[in-house]
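Convention: sequence-line order gives letters A, B, ...; per-chain numbering from 1.
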Amino acid sequence: MNKLVSVERAIETIKDGSSIMVGGFMGTGTPEILIDALVEKKVKDLTIICNDSCYPGRGVSKLIAEKQVKTLIASHVGLNPETGKQMSEGIMEVELVPQGTLAERIRAGGAGLGGFLTRTGVGTVVQEGKQVIEVDGDKYLLEKPLAADFAFIRASIIDKKGNVYYHESTRNFNTIMATAANTVIAATEKLVEVGEMDPNIVMTPHIFVDYIVEGEKPWQI
Amino acid sequence: MNKLVSVERAIETIKDGSSIMVGGFMGTGTPEILIDALVEKKVKDLTIICNDSCYPGRGVSKLIAEKQVKTLIASHVGLNPETGKQMSEGIMEVELVPQGTLAERIRAGGAGLGGFLTRTGVGTVVQEGKQVIEVDGDKYLLEKPLAADFAFIRASIIDKKGNVYYHESTRNFNTIMATAANTVIAATEKLVEVGEMDPNIVMTPHIFVDYIVEGEKPWQI
Amino acid sequence: MADIKHFIAKRVAKELKDGDVVNLGIGLPTLVADYIPSDYDVTFQSENGFVGIGPAPEKGKEDVDLINAGAQYVSVKPGSAFFDSAVSFGIIRGGHVDATVLGALQVDEEGNLANWIIPGVMVPGMGGAMDLVSGAKKVIIAMQHTNKGKHKILKKCTLPLTAEKEVDLIVTEMGVIEVTNEGLVLKEINSEYTVEEVVSATEAHLIISDDLKPMEG
Amino acid sequence: MADIKHFIAKRVAKELKDGDVVNLGIGLPTLVADYIPSDYDVTFQSENGFVGIGPAPEKGKEDVDLINAGAQYVSVKPGSAFFDSAVSFGIIRGGHVDATVLGALQVDEEGNLANWIIPGVMVPGMGGAMDLVSGAKKVIIAMQHTNKGKHKILKKCTLPLTAEKEVDLIVTEMGVIEVTNEGLVLKEINSEYTVEEVVSATEAHLIISDDLKPMEG
C-alpha cells in the first residue's frame, strides 16, 4: 500500500468537471503544490468546495484566475476581486454557504448523515428552497450533506501510512474534507516513517488518505 | 477563574433528579472519583447518559447498584446483570440508543443542531415514534439532540485553565459530553500549569470545563 | 475617526465579563480586545479554529500557520487550544460563545441584522457571521451610527438579512441602544450629542430610557 | 466447537482484501484477525475509538487506557490513530469501513439481521451493531448454522431487527451463503455436509448455486 506518489500521479484521474474539496482558510492550510499542478494540468469546469476564494496569487484563486472553475461553493469571497468579477460576468457560479453550515455539511457528507437541522440562515436568503423543520417549537433549516470526487488536504506532518497532523490554524477544513471525498490527496511539509507519529495526536487517521505528495512548503510572506 | 476545587464542591449542585452525562466506554475513560463522590452524596432519581452500564464494581454501575438511577440512556447494558434486573423490576427505566446515534445526539446537543438524519435504526424498533424523512430517495430517521445538567469527564492530563488531553481509548464520549452539559466537571490523573500543554493536542478546549478535580487514578486491574 | 472607533470599542469592552468567551468580527470589533480590564480572563475565539488569540507578532516574526479569521497573522496566549472548523462552529452554534461583536450595514427595530451583502454592489459572502449571530449568547453591534449621513438603524432592514431578531445591543459613537421586545431603547448617550440629534440620526423609533445615562468610552 | 469457530473465521478472512478497514464483532468474529495473510495490510477498527488494533498484551502488561469494543485489553500497531466516539461512528456510518463481521441470532432471506435482543430473555442493547450494519460497505455474518438444532437462517426474522436488508454474506460451518436480490444463494458447501443437510438446517429457501464450490477454511 504505497501511498507516496508524484504530484502528477496523485492528480492523474482528475478531469474536466471533477469536484474537489480544498482545505484551508484564506490559504492557510491549503496545499499549494496540488493547486499548482492542477493549474498546469489545465482541467476545467471544476466544482471547487473551499471555505473562501482566498486572495490573488494564493490557494484556489490561482484556479479561478485561469478560469478553471465552473462552480465555487464557499462561505466568503470578499478578498478576491476576480471571484466577484467572474460571478457577475457569469463565468463562474458561486454558491455561498454560511461557514458553520459549510463545515457541518462536509462533516455530514463524510459521516454518513442524511442531513442536519440548524438555526443558521432561518429567515434569510439561505433558507430559500430548503425544508424548514420545527423541532420542539423551534424552526430549523434542513441542510444536506456535501461530498466530492477529490479532496486536497495539507499536512504539516504525515507518516507513510497517511496519518496526518496539522499544525495550529492550518487544521480548519482539512480534517472534515478528508472524510468526504472519494479520493483524498495530502500534500505534506514533512514525511515521517510509520510509527514515528504519536497515535494520540493524529488528526486525520490514515484510512482516509489515498495519496501522499511531498514538497509542500511553508507559505512565504 | 480558579476551576480547581474539591470533589465535594464540584458536585455540590447535583441534586435528586439531575441529569448527568458520564464519559467512558466499559469504564475506560470514566471518572471514578466523581462517581464515588456521587454514591457518597446519595442523590437519587438521576438520569444517567453513558455509553454502557459497565460491569459491577466500576463506573456508573456503582450508582445503579445503589439504586440512584431512575433513567439510563445507553447503547449497551449486557455486562451488568443488575441493569437487566432493575429494568425488569421497573426500578430503572432504560432507553437504548444505537452507539453512533448516541454519540451524534450528544454532539448535536453540544453543537447547537436541532437534530440530524441517520439511516441507523430504519426499519427497527429504534424507528418507533420518530419522524422518517426522505432525502434524495433514501429514508432517514430524524434524531434529536441530547443535553444534560452535568457532564463527568475524565482527563489524562489537564492544565489549570481546563484544557484536556485524553490518552488512547479513554477519549471516547468525553470530548462530546464536555460540550453538551451546563456544568462540566473533569477529574484528572495529572494536572499541569497553564502553558505546559501543547495547544495543538488539546482535545477539549478549556472553555467547556467548569471544575477540575484532582486525584483520578489509573484503573487497577 | 480613529478616535470614534476606539471610543466605541472601549464602551463595548464594558459589556464583557470575566471568564467570557468572545468572538470579535473584523475591523472595528477587533479593537475591543485592547480595552479588556487586565485582571479579566476573557478568551477570544477565532472561528478558523482556536481559542486564545494573542497579540499580532512583530513584522518579520510572523508564524505562517497562525492567522485569525480576518487573515491577519496573530499569536496565541498560554492555555490556548486549536481545533477544526466543525468543532469551531459547534462552539459557535452551540451557545458556547458568550458574546460576539460585529459591524453592520443595517440593523432594525426587531433586532434584525444585515451585514453581509449589498446585492449588485458587494457580495463578500457571509463567512461565519450567520452562525455567529444565530449562535452567540449575546450579539453586540459595534458601528458608526450612520453611513455618511445615511441611516443604518432602520425601521426595517432593506438589505438581505444575516439573521432574524438576534441583535441584543447596538453601540455607536452616539449612544448605546438595547433591543427589547418593546423596540429599541436608548440607554446611554454620548454627551457630545443631544437626544434630538440621536433620534434624527436613527430611522427606527427610539424609546428614550427613563434612566438615560451618559455613555462613557 | 473451537475448531468450527476457527474454520468459519478462516473462511471469512478470505473475504478481506489488502488495504481493507474492518470492524470485527465480539466473540467468533475476533478470530478472523488471526487468518489475514501476513502480506496484507488490513486495518482493524475498534468502535470505542481507534484504528490499528494489535494483539492482546501479556497478562500483567496491560495498558489500562487501551481496550477494544469488547472491553478486552489490547495493543495498537505502529501507524494507529485514536479518535473520539463521534469520529469513530462517522467512520462507520460514512462507509469508511469496508467490511464488518458480526454474529447473528437470526438472519433472513431479505438480508435482515437480528442480533441484539431477545425480548424478555436478554436485553444487552445494540451497542454499535446497528450503525455498523447500516454503515459498513460489506456485512458478513459469521456464526454457527443453527442454535442447538434450531434454525437461525429464516424466511423472516422473528426477533427485533438490527437492520433491514443489509447482510451481504453468511458464513457458517456448513457453507457460504450470499444474499442476492433473488434470495439466499448457497455458493460454497463444507464437504462434511450434503446439500440436503444444509437445506434442512436452513428454514429460508436456499438457491443452490450452479457453480457450487467446496468451502475451505
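One distance of note links OG1 of Thr158(D) with NE2 of His151(D); it measures 12.5 Å at 0.5 Å rounding.
With a 4.5 angstrom heavy-atom cutoff, Ala129(D) does not touch chain B via any of its atoms. Contact of Thr162(D) with chain B is made through the backbone alone, with heavy-atom distances under 4.5 Å. Within the 4.5 angstrom heavy-atom criterion, no atom of Asn112(D) approaches chain B. Contacts between Ile92(D) and chain B at a heavy-atom distance below 4.5 Å are absent for every atom of the residue. Contact of Ala86(D) with chain B is made through backbone and side chain together, with heavy-atom distances under 4.5 Å.
Heavy-atom pairs under 4.5 Å with chain D were tallied for Asp52(B), Leu102(B), Val97(B); the largest tally goes to Val97(B). For the set His76(B), Met203(B), Glu168(B), the entry with the most heavy-atom pairs within less than 4.5 Å of chain D is Glu168(B). When Asp65(D), Leu161(D), Val123(D), Asn68(D) are compared by the number of non-hydrogen pairs under 4.5 Å with chain B, Asp65(D) comes out ahead. The residue among Ala103(B), Gly123(B), Gly78(B), Ser156(B) with the most heavy atom pairs within less than 4.5 Å of chain D is Gly123(B).
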field: salt bridge (Lys or Arg N to Asp or Glu O under 4.0 Å) between Glu189(B) and Lys217(B), intermediate numbers included
entry: CA-CA 6 Å; Glu189(B) 277 197 40; Lys217(B) 297 270 183 296; over 6 Å; no
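Checking Leu46(B), Val77(B), Leu72(B) one by one against Met92(B), the side chain to side chain contact (heavy atoms under 4.5 Å, CB included) holds for a single residue, Leu72(B).
In this structure a side-chain-to-backbone donor-acceptor pair under 3.5 Å is missing from Thr47(B) to Ser19(B). Side chain of Asp20(D) to backbone of Thr43(D): no donor-acceptor contact under 3.5 angstrom is found.
Counting heavy atoms from C-beta outward, Thr172(D) and Gln144(D) have side chains that stay 4.5 Å or more apart.
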